[in-house]
Undergrad: 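First the structure, then my questions, so here it is.
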Amino acid sequence: MVVGNWKMYVEAPDAAKKFATSLRKKARSFAGAEAWLAPAFPLISPVAVDLKGSAIKVGAQAISVHAEGAHTGEVSAKMLKNIGVSFAIIGHSERRAAGESDELIREQLTAALGAGLTAILCVGEDERLPDGSHFAQIANQIHRALQGVVPMGRLVVAYEPVWAIGKQAADAMQGEDLEETAIFIRKILSEALGRDAVSRVPILYGGSVEPANAQTLMKEGGVNGFLVGHASADIDSFIEILKACKK
Ligand code: PGA
């Protein structure tokens, strides 16, 4: 699976719809890989309308922890579900940097799963340290996010090392390092959720995935797909990455 995190890159409904229509038309070229798209809030509806009836999933980049009521500026999981959203990205490092705490991330996870959305939980170290202490940061993020959370719906974990985000393929993580981290994440998840549950949790990699490194990372990295930022806003790049993930 390849999840496109559009961030604020795609700005206008026309551009979003053009992208969605084109992706849908070319879906046969990446058959065997699942395409998921997370537009910014105002673009979710136009994209969802365009993709209705297709296998391409539409999601949100964030959700409110609140289910309803007096919360100005917030958007609930239920409101999103009502317009065709099936997943939400939770705990992205750009939102953690903007002040989201582990507790808030746990509450968002509970809200998403409770509303029947798939939750994509993002974790990842700020820096890769020679003493390996970045592994503790990843483990803490996972344990804190999943504490007391019963994964009622589907959970996906996206490993996104902060230092590798928003660069070019050459500066992204290498396959070997990714494989080692993916194994570590599976171990931590099985401590948190039990071994049976973990086999059902896809693990994605995110951080400068581009057509130039997608194939190698897929072959060597031991992950089930990618969470793609800047390269997902370009239709040709996104399709090339999807093709690299075909079974
Ligand atoms: P990037 O972003 O592909 O532009 O590095 C990935 C992400 O932040 O999800």
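As the structure lists them, so they are numbered: ligands from 1, and atoms in each ligand from 1. All heavy atoms count here, side chains included; hydrogens, waters and symmetry mates do not.
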Undergrad: If you measure from CD on Glu100 to NE2 on His92, what distance do you get to the nearest 0.5 Å?
TA: 11.0 Å

Undergrad: Quick one: closest heavy-atom pair of Val65 and Glu74, and the distance?
TA: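 Nearest pair, atom of Val65 first, then Glu74: N-OE1, 4.3 Å.
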
Undergrad: For the CG atom of Asp236 and the NZ atom of Lys26, what is their distance to the nearest 0.5 Å?
TA: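 Separation between the atoms: 5.5 Å.
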
Undergrad: So which residues, sorted by chain and number, lie with a heavy atom under 4.0 Å of ligand 1?
TA: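 Residues Asn5, Lys7, His92, Glu160, Ile165, Gly166, Gly207, Ser208, Leu227, Val228, Gly229, His230 each place a heavy atom under 4.0 Å from ligand 1, listed by chain and number.
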
Undergrad: Hey, what's the ring geometry for Phe87 with Trp36, parallel, tilted or perpendicular (30° and 60° as the breaks)?
TA: tilted

Undergrad: Do Cys122 and Ile90 make a side-chain contact, defined as non-hydrogen atoms from C-beta onward lying under 4.5 Å apart?
TA: no

Undergrad: When you measure from the side chain of Arg96 to the backbone of Gly91, do you find a donor-acceptor pair of N or O atoms at a distance under 3.5 Å?
TA: yes

